[in-house]
Protein chains: 2
Amino acid sequence: MAGEIKLLDFFLDHLKEILYPEEWIDLDLELSKSQILAMLIVDRHGEVIMSEIADYLNIPLSTATGIINRLVNKGYLLRERNESDRRIVSIQLTEAGQALVAGIKVTINEYVERIDRLLTEEEREMLMRVFIKVIEALNREKEPDIKQPETSVKKIEIE
Amino acid sequence: MAGEIKLLDFFLDHLKEILYPEEWIDLDLELSKSQILAMLIVDRHGEVIMSEIADYLNIPLSTATGIINRLVNKGYLLRERNESDRRIVSIQLTEAGQALVAGIKVTINEYVERIDRLLTEEEREMLMRVFIKVIEALNREKEPDIKQPETSVKKIEIE
DNA sequence: TAAAATACTTCCTTGCTCGAACTATTGGGT
DNA sequence: ACCCAATAGTTCGAGCAAGGAAGTATTTTA
């Protein structure tokens, strides 16, 4: 009981920090949150189609179109129609885009290391475990159907 | 080393969840993130002036004006000029606003309890400790000056 | 009493978000 | 072959948010 009250107080006290995590981390002054996510997705998958981006970001295609448009206009992404199926639009990084993503990753890594240094090995493990537990539980409640959660940590090669 | 790589992967994998925490929690369909925060601030302080809201939310006054305007238009807040210093505008909850905040708190509490149930006492304590440690460290780096951090858990009476 | 500081608001631009409507292309069924 | 449905996107319109710049009162101070 006492534990629960404390956790609620804690959430209310830190709601601002929780709701605006991008302010912990000045990720990049050039791009917005959504734009950074989109760039990282394109980077990770090499070449992506609009629907995939919308899927990964969990946003409607109409929103994705806007985000990608701005990145194309800034010269970070390339948009081109697929010739074998002309409904499909595929997205790639330009060279400027690749350079930008590299910089973003460095920045993220710096922050991660900064946090990492604050934690004991035990805390680090528990943090990840708890985070995954919470995310999985909340996802499970949202859509108690369809496919496997598949929310465990995936290994991604960095550099 | 292995720990750090894992933590970086972890962050990259869950960047969407981290950057859009409002999607974990369908806080309220009626209000936006900023609007909810503004309502909670007014609720907690009883009567607040615009500058205080801007301060707490860490946004410029021009942004605060817009957020409060929409809440006033929806009938949740009351805006009135201070008679002793007519530059000042103070904000209060209307009855509808009080009812809404009560509902928001119930919703938050439900989510907090849902998370709480997933955690052991040890995890709960560590989670709060780590969270505060990280927030304090990042704040300290941002502004290595001025006043005390004052980021420890404050107790707030609920209901 | 004039000038500076304070407390806001207004205006403008950019971005995100979403639904609805629309275009283009492809695939299936008969 | 032809029509219809499904698929893949874009466009449009409206609301919300962010923030800088400029403007309006009002109060303080020098």
Side-chain angles (χ1 to χ4, degrees), chain A residues 15-16 19-23 26-42 47-92, chain B residues 15-16 19-23 26-42 47-92:
Chain A
L15 214 50
K16 175 75 200 301
L19 290 181
Y20 293 93
E22 67 271 28
E23 290 178 11
D26 254 351
L27 255 188
D28 194 79
L29 305 161
E30 183 108 21
L31 301 185
S32 72
K33 271 192 300 185
S34 298
Q35 287 176 343
I36 289 171
L37 286 178
M39 291 293 285
L40 288 173
I41 286 168
V42 180
E47 187 167 350
V48 210
I49 72 176
M50 291 300 294
S51 316
E52 287 171 338
I53 293 177
D55 255 20
Y56 286 123
L57 293 182
N58 201 24
I59 54 177
L61 264 171
S62 58
T63 304
T65 297
I67 294 170
I68 299 303
N69 267 349
R70 283 167 225 118
L71 290 169
V72 169
N73 290 341
K74 289 182 182 177
Y76 296 132
L77 292 181
L78 220 68
R79 174 192 250 127
E80 58 187 13
R81 289 255 162 216
N82 183 319
E83 282 310 320
S84 69
D85 182 343
R86 298 193 37 72
R87 290 170 303 180
I88 293 174
V89 170
S90 64
I91 307 295
Q92 289 175 61
Chain B
L15 214 51
K16 176 75 201 301
L19 290 181
Y20 292 92
E22 68 270 27
E23 290 178 12
D26 253 350
L27 254 188
D28 194 79
L29 305 160
E30 185 108 21
L31 302 184
S32 72
K33 268 195 301 186
S34 298
Q35 288 176 342
I36 288 172
L37 285 178
M39 291 294 284
L40 288 173
I41 285 166
V42 179
E47 188 167 352
V48 210
I49 71 176
M50 290 301 294
S51 316
E52 288 171 338
I53 293 178
D55 255 21
Y56 286 122
L57 293 181
N58 202 23
I59 54 177
L61 265 171
S62 58
T63 304
T65 298
I67 294 170
I68 299 303
N69 267 349
R70 281 168 226 118
L71 290 168
V72 169
N73 290 340
K74 289 183 184 178
Y76 297 132
L77 292 180
L78 222 66
R79 173 192 251 130
E80 58 187 14
R81 289 255 161 214
N82 182 318
E83 281 311 318
S84 68
D85 183 343
R86 298 192 40 71
R87 290 171 303 181
I88 293 174
V89 171
S90 64
I91 307 295
Q92 289 175 60

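Chain A is the first sequence line, chain B the second, and so forth, proteins listed ahead of strands; every chain is numbered from 1.
- Nucleotide C:dC18 holds its C1' atom 13 Å from the CG atom of A:Asn58, rounded to whole Å.
- Here the side chains of A:Ile53 and A:Ile67 are not in contact, with every heavy-atom distance at 4.5 Å or above.
- Of the candidate nucleotides D:dA18, D:dT26, D:dC16, D:dA18 has the atom lying nearest to any side-chain atom of B:Ser34.
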Protein-proximity profile, nucleotides 3-10 of chain C, B/S/- by nucleotide at the 4.0 Å heavy-atom cutoff, equals ---BSBBB
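- Among D:dC16, C:dT25, C:dG15, the nucleotide with an atom closest to any side-chain atom of A:Lys74 is C:dG15.
- For B:Arg79 (side chain) and B:Ser90 (main-chain N/O), no donor-acceptor pair under 3.5 Å exists by modelled atom type.
- Spacing between atom CG of B:Leu71 and atom P of D:dC16 amounts to 10 Å, rounded to whole angstrom units.
- Protein atom NZ of B:Lys33 is 12 Å distant from nucleotide atom C1' of C:dT17, rounded to whole Å.
- At a threshold of 4.5 Å between non-hydrogen side-chain atoms, the residues B:Ile68 and B:Ile91 count as touching.
- Minimum heavy-atom separation, B:Leu71 to B:Ala38: CD1-CB, 4.0 Å.
- In terms of position along DNA chain C, the nucleotide closest to A:Gln35 lies nearer the 5' end than the nucleotide closest to the other residue of the pair A:Asn82 and A:Gln35.
- The CD atom of A:Glu83 sits 9 Å away from the P atom of C:dT26 (whole-angstrom rounding).
- Per the geometry, CD1 belonging to A:Ile59 stands 14 Å off C1' belonging to C:dG19, to the nearest Å.
- With rounding to whole Å, B:Ile53 atom CD1 is found 13 Å from D:dA18 atom P.
- Residues meeting the side chain to side chain donor-acceptor pair (under 3.5 Å) test with A:Gln92, sequence neighbours left out: A:Glu80.
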Check the pair B:Ile49 / B:Asn82 against side chain to side chain contact (heavy atoms under 4.5 Å, CB included), numbers first and verdict last. CA-CA 9 Å; B:Ile49 71 176; B:Asn82 182 318; 6.0 Å; no
